[in-house]
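To keep things clear, I will list the structure first and then write my remarks on it.
Each chain gets a letter, A, B and so on, in the order the sequences are listed, and its residues count up from 1. What's counted below: heavy atoms across the whole structure, side chains too, no hydrogens, waters or symmetry copies. Just so we're clear, the structure is a prediction, and the values are computed from it rather than from any experiment.
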2 protein chains.
Amino acid sequence: MAIEAPSRRRAIEDVASGLFRERGYAATSIRDIARALDIRGASVYAHVTSKEDMLWAIVERAATAFEEQADQALAATLGADPGRRLAALVRAHVGVVTSDPEVASVFVHEWRHLSVARRQLILDRRDAYQRRFHELIDAGVADGTFAATDPALAATFILSALNGIATWYRPTGRLGVGSIATHFAALAVRAVGGSADATETRR
Amino acid sequence: MAIEAPSRRRAIEDVASGLFRERGYAATSIRDIARALDIRGASVYAHVTSKEDMLWAIVERAATAFEEQADQALAATLGADPGRRLAALVRAHVGVVTSDPEVASVFVHEWRHLSVARRQLILDRRDAYQRRFHELIDAGVADGTFAATDPALAATFILSALNGIATWYRPTGRLGVGSIATHFAALAVRAVGGSADATETRR
DNA sequence: CCTACCGATCGGTAGG
DNA sequence: CCTACCGATCGGTAGG
């Protein structure tokens, strides 16, 4: 009758990502997480195998969400001009960040606490993700839609601005998700010299 | 005969900011810092009173550098149009970050490990710093130099992009400081709808 | 700047 | 999910 509770494992990850975002991974103890769940520290290990495994699960989930939403945005705008496609990519990114800012923030900031092997896996996926922005900017510069900029640097500029949202976004803030997405799409497209007109979405 | 060595205290802070940038404050122990200096952990306390005091000294120094360079950039462009002034502000920020990326990175990311009182002092100074960008964008929107954007959001967008440099910048990287500053000034000014022509500096 | 040491807390395990 | 416990490491102090 009651709504099926999410798995205990997932509930632990949710509490953990909130604390990791607030205090950082290294400054958050297993006992901190347990306290927030009103259980003992040792009990956490009935559901997770190690602290790092929790971090990995959170980071992995975020990486997948970013990739999936970006691919969907690109597929939905196939053939459109680079400005419109970049705007769609920005909107997708803003959507992922705002739908789970805790997980997004951990993905952006805490990956360096992963083991070297896992860290490398995430860095590779981050590179591949950034390449989507890079290539779109390349295309826009090539066809004259965008101004002549360094495409790699422009991609870094835009992604840094986007990732900042994971730090400051609060659901109760002044601006709603749609407003942030619209503004950020316009800011990003204009930054590379594109027209902000290409930015609006039809409802 | 030899060049006067910088104070020991400062040498410790330099090593500390490098480690804090790489691993984060919480994941860096006093013994890690001591090891990098080839001394014992307890010996660090001959020069600093606590780990948090070291963090505070680094963060404080960074805050002052940002404020001073921003004020100088604004003073040097008094009366110029908002696009040129914003470009100068961006160049100043890039200059501070690239001249000491370790310290800048600690300032951007590690302030939350300060005591509540010190954290609040830094947050207030960060707000005041951001207000310089905010007000300049306000002025540009008001006089029609910039497009109609949300000035607070635009300031956040630009500052997030700028602070990202502290994470990825390496002196040995592909682009030199001047090139990064020029590109970022153009990206920032265009983002708010200004003309990138206002961005170039005379030599 | 060192040796020797302190109490507290850490991630994690044993065995229910 | 608990109690009881482990070795390791933490920030920091005493006393040279």
Side-chain angles (χ1 to χ4, degrees), chain A residues 2 4-60 106 109-119, chain B residues 2 4-60 106 109-119:
Chain A
E4 171 78 323
S7 80
R8 199 68 175 128
R9 160 87 197 217
R10 177 56 182 262
I12 292 173
E13 283 176 20
D14 287 347
V15 163
S17 48
L19 290 172
F20 291 168
R21 183 198 193 197
E22 270 175 53
R23 319 177 183 177
Y25 174 80
T28 303
S29 73
I30 291 288
R31 284 161 180 88
D32 289 335
I33 296 165
R35 196 175 304 120
L37 291 158
D38 211 41
I39 59 176
R40 304 288 165 168
S43 304
V44 171
Y45 289 95
H47 303 99
V48 307
T49 56
S50 74
K51 192 187 172 190
E52 198 224 310
D53 269 355
M54 293 185 48
L55 175 60
W56 173 246
I58 295 165
V59 167
E60 228 278 330
V106 172
H109 292 116
E110 308 298 333
W111 54 268
R112 50 182 172 174
H113 295 108
L114 292 168
S115 67
V116 274
R118 286 171 161 176
R119 190 160 60 220
Chain B
E4 171 78 322
S7 83
R8 199 69 175 127
R9 160 87 197 214
R10 177 56 183 263
I12 292 173
E13 282 175 22
D14 287 347
V15 163
S17 48
L19 290 173
F20 291 169
R21 183 197 192 198
E22 270 174 54
R23 319 178 182 173
Y25 173 79
T28 302
S29 72
I30 291 287
R31 286 161 179 86
D32 290 334
I33 296 165
R35 195 175 305 121
L37 291 158
D38 210 43
I39 59 175
R40 305 287 165 167
S43 304
V44 172
Y45 288 95
H47 303 99
V48 306
T49 55
S50 75
K51 191 187 172 190
E52 198 224 309
D53 269 355
M54 292 185 49
L55 176 60
W56 173 246
I58 295 165
V59 167
E60 229 277 331
V106 172
H109 291 117
E110 308 298 333
W111 53 267
R112 50 182 172 174
H113 296 107
L114 291 168
S115 67
V116 273
R118 286 172 161 175
R119 190 160 61 220

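A:R119 places a side-chain N or O within donor-acceptor distance of the main-chain N or O of A:L114, the cut-off being under 3.5 Å. Distance alone, capped at 3.5 Å, places no donor-acceptor pair between the B:R21 side chain and the B:V106 backbone.
The shortest side-chain heavy-atom distance between B:L55 and B:R118 does not fall under the 4.5 Å cut-off. Side-chain contact between B:R8 and B:I39 is present, with heavy atoms from C-beta onward closer than 4.5 Å.
Close approach of DNA chain D to chain A, defined as any atom under 4.0 Å from a non-hydrogen atom of the protein, starts and stops at D:dC1 to D:dA4.
Rounding to the nearest 0.5 Å places CD of A:E110 at 11.0 Å from OG of A:S17. A distance of 11.5 Å separates CG in B:D14 from CD1 in B:I33, rounded to the nearest 0.5 Å. Of the inter-residue distances, the one linking B:E22 atom CD with B:D32 atom CG reads 10.5 Å to the nearest 0.5 angstrom. If you take CZ on B:R10 and CD1 on B:I58, they are separated by 9.5 Å, rounding to the nearest 0.5 Å.
End-to-end axis angle for the helix from C:dC1-D:dG16 to C:dG16-D:dC1, using five pairs per end and rounding to 10°, comes out at 0°.
A ring-ring contact (aromatic ring centres under 6.0 Å, His included) check over residues 7-39 of chain A, counting only residues at least two apart or in different chains, returns the pairs A:F20-A:Y25, A:Y25-A:H113.
A heavy atom lying under 4.0 Å from DNA chain C marks the following residues of residues 35-46 of chain B, by number: B:I39, B:R40, B:A42, B:S43, B:A46. Listed by residue number, the members of residues 22-30 of chain B with any heavy atom below 4.0 angstrom from DNA chain C form an empty set. At a non-hydrogen distance threshold of 4.0 Å, A:S50, A:K51 from residues 49-59 of chain A come into contact with DNA chain C.
Pairing each heavy atom of B:Y45 with each of B:I30, the nearest pair is OH-CG1, 3.4 Å. Across B:T28 and B:L19, no two heavy atoms sit closer than the pair OG1-O, 3.5 Å. Of all heavy-atom pairs between B:A11 and B:L37, the closest is O-CD2, 4.3 Å. Contact between A:E13 and A:A57 at its shortest, heavy atoms only, is OE2-CB, 3.3 Å. Across A:M54 and A:A16, no two heavy atoms sit closer than the pair CE-CB, 3.0 Å.
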